[in-house]
Visitor: 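Below is the structure I would like to discuss, written out as structure tokens.
Read the numbers this way: they start at 1 and go in the same order the structure lists the ligands and their atoms.
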Amino acid sequence: MSGTDGRTTALTSRMGSVSERLEAIRGRITRACERVDRDPASVQLLAVSKMQPAHAVAEAADAGQQLFGENYVQHWLGRVENPTIVALKGIHWHFIGKLQRNKIRFLLGRVRCIETVDRMKLARELSNRALARGGGTPQHVLLEVNLAEEPGKAGFSPAGLSATLGELLTLPGITIDGLMSIPPQREVAEASRSDHRALAALRDRLQEEQGVPLPTLSMGMSSDFEVAIEEGSTRVRVGTGIFGPRPPRA
Ligand SMILES: *Cc1c(COP(=O)(O)O)cnc(C)c1O
């Protein structure tokens, strides 16, 4: 064996396989739940597989992972036709990327949830197209919130959402399950606690204002999912923590 092989082996074992990392993440989710007296079954793990090779998705699926998240419509369309992916049983997809209105038709009815509904126009178009498809049940969505009102970042502002949620809830082609956010990047996980707490508080307030349940809080990624769970996350979106570093986007 060459020196290079030895190095590769050492690196692989240090980082672990996809199934080992998945197991480790599951353990950390359970322990985070225990710290705040939550049932681990109340937290879904969304494996963010964007740009990862099909075999990595297959390895996660073989290890029991069923829920996957993707960000790029075109890439995902190719992925779901990949024989390796087609062969997988019982997996479902969420869309978690920036969605252009002209790509809606590729996702409707094919992803369980579109987590990144970030503007009224998109919500209306989604609803209209879902209705036009007919027969189907409404498309499940989350509303993306730009909590810190960062310039250039997608999402409803908290005040904007307060003002428009009533109208969003009347759209017949979508079912709003809750809120999602990608908070500003912080140096340490603990620093994101106030972001997660703020999203949970916004959800509570909106539920009260509108008198509707918004049960899903999609918050927390590889770097901060435990803190997010402690603050009430019901769905953590973990990419590199499961799959390792992402290959660059081609
Ligand atoms: C890429 C991505 C993630 C996963 O990020 P990691 O840091 O790799 O866990 C989660 N949510 C969204 C919206 C993403 O685009």
Side-chain angles (χ1 to χ4, degrees), residues 15-29 32 43-54 56-57 59-60 63 65-77 79 91-100 103 107 111-119 122 140-148 150 152-156 177-193 195-196 199-200 216-250:
M15 293 183 25
S17 63
V18 167
S19 59
E20 284 166 346
R21 281 185 296 227
L22 195 49
E23 208 40 55
I25 298 280
R26 287 180 185 140
R28 288 168 62 187
I29 290 173
V43 179
Q44 284 182 302
L45 173 59
L46 177 73
V48 178
S49 52
K50 63 179 173 210
M51 306 321 292
Q52 298 292 350
V57 176
E59 194 181 338
Q65 181 64 29
Q66 293 189 307
L67 185 57
F68 293 88
E70 289 274 339
N71 294 59
Y72 309 108
V73 175
Q74 223 62 44
H75 188 260
W76 176 73
L77 287 172
R79 161 151 289 175
I91 65 167
H92 0 271
W93 304 93
H94 284 191
F95 186 76
I96 60 168
K98 175 83 185 165
L99 183 55
Q100 258 89 47
K103 302 258 174 74
L107 300 182
V111 297
R112 280 248 173 129
C113 185
I114 298 174
E115 299 202 3
T116 40
V117 173
D118 59 356
R119 55 206 193 275
L122 178 65
H140 284 264
V141 304
L142 298 181
L143 302 175
E144 182 174 359
V145 184
N146 181 0
L147 257 183
E150 294 169 271
K153 192 160 191 169
F156 293 93
D177 294 333
L179 307 181
M180 175 270 200
S181 87
I182 310 170
Q185 204 128 39
R186 309 286 186 196
E187 288 292 319
V188 293
E190 191 55 40
S192 70
R193 186 178 297 279
D195 301 315
H196 298 311
L199 191 72
T216 304
L217 276 179
S218 177
M219 59 185 196
M221 320 206 307
S222 295
S223 58
D224 63 356
F225 68 90
E226 289 151 304
V227 170
I229 289 169
E230 289 170 7
E231 295 301 328
S233 173
T234 67
R235 186 181 298 149
V236 293
R237 309 180 307 265
V238 179
T240 50
I242 294 171
F243 296 107
R246 270 184 287 279
R249 198 182 164 197

Visitor: Between Thr116 and ligand 1, which part of the residue brings a heavy atom under 4.0 Å of the ligand: side chain, backbone, both or neither?
Guide: neither
Visitor: Return the closest protein heavy atom for atom 9 (O) of ligand 1 as residue, atom name and distance.
Guide: Ser222 OG, 2.4 Å
Visitor: Would a distance-only check, ignoring hydrogens and angles, find a side-chain to backbone donor-acceptor pair under 3.5 Å from Ser222 to Gly241?
Guide: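 It does hold such a pair.
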Visitor: Applying a heavy-atom cut-off of 4.0 Å, say which part of Lys50 lies close to ligand 1: side chain, backbone, both or neither.
Guide: side chain
Visitor: Short list, please: which atoms of ligand 1 are under 4.0 Å from a heavy atom of Arg237?
Guide: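 Those qualifying, in numeric order: 4 (C), 9 (O), 10 (C), 11 (N), 12 (C), 13 (C).
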Visitor: Report yes if the side chains of Arg193 and Glu190 come closer than 4.5 Å at any heavy-atom pair, otherwise no.
Guide: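 SC-SC contact between Arg193 and Glu190 confirmed.
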Visitor: What I'd like to find out is whether the side chain of Val18 reaches to under 4.5 Å of the side chain of Ile242, using heavy atoms alone.
Guide: yes
Visitor: Counting from 1, what ligand 1 atoms have a heavy atom of Gly239 closer than 4.0 Å?
Guide: 4 (C), 6 (P), 8 (O), 9 (O)
Visitor: Heavy-atom contacts with Ile182 under 4.0 Å: which atoms of ligand 1 show up? List them by number with element.
Guide: 13 (C)
Visitor: Who's the nearest protein heavy-atom neighbour of atom 10 (C) of ligand 1, and how far?
Guide: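 So the nearest neighbour among protein heavy atoms is Met221 SD, 3.2 Å.
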Visitor: Under 4.0 Å from a heavy atom of Met180: give me the atoms of ligand 1 that qualify, with their elements.
Guide: 13 (C)
Visitor: Out of Val236, Val238, Ile242, Thr240, who gets a non-hydrogen atom closest to atom 7 (O) of ligand 1?
Guide: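 Checking each option, the heavy atom nearest atom 7 (O) of ligand 1 is found in Thr240.
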Visitor: Answer with yes or no whether the side chains of Ser49 and Glu70 bring together a donor and an acceptor at under 3.5 Å.
Guide: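 There is such a pair (donor and acceptor under 3.5 Å, judged by atom type) between the side chains of Glu70 and Ser49.
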Visitor: Below 3.5 angstrom, do we get any N/O pair linking Asn71 and ligand 1?
Guide: yes
Visitor: Could you pull out the closest heavy-atom pair between His140 and Arg112, with the gap in Å?
Guide: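 That would be CB-O, 3.3 Å.
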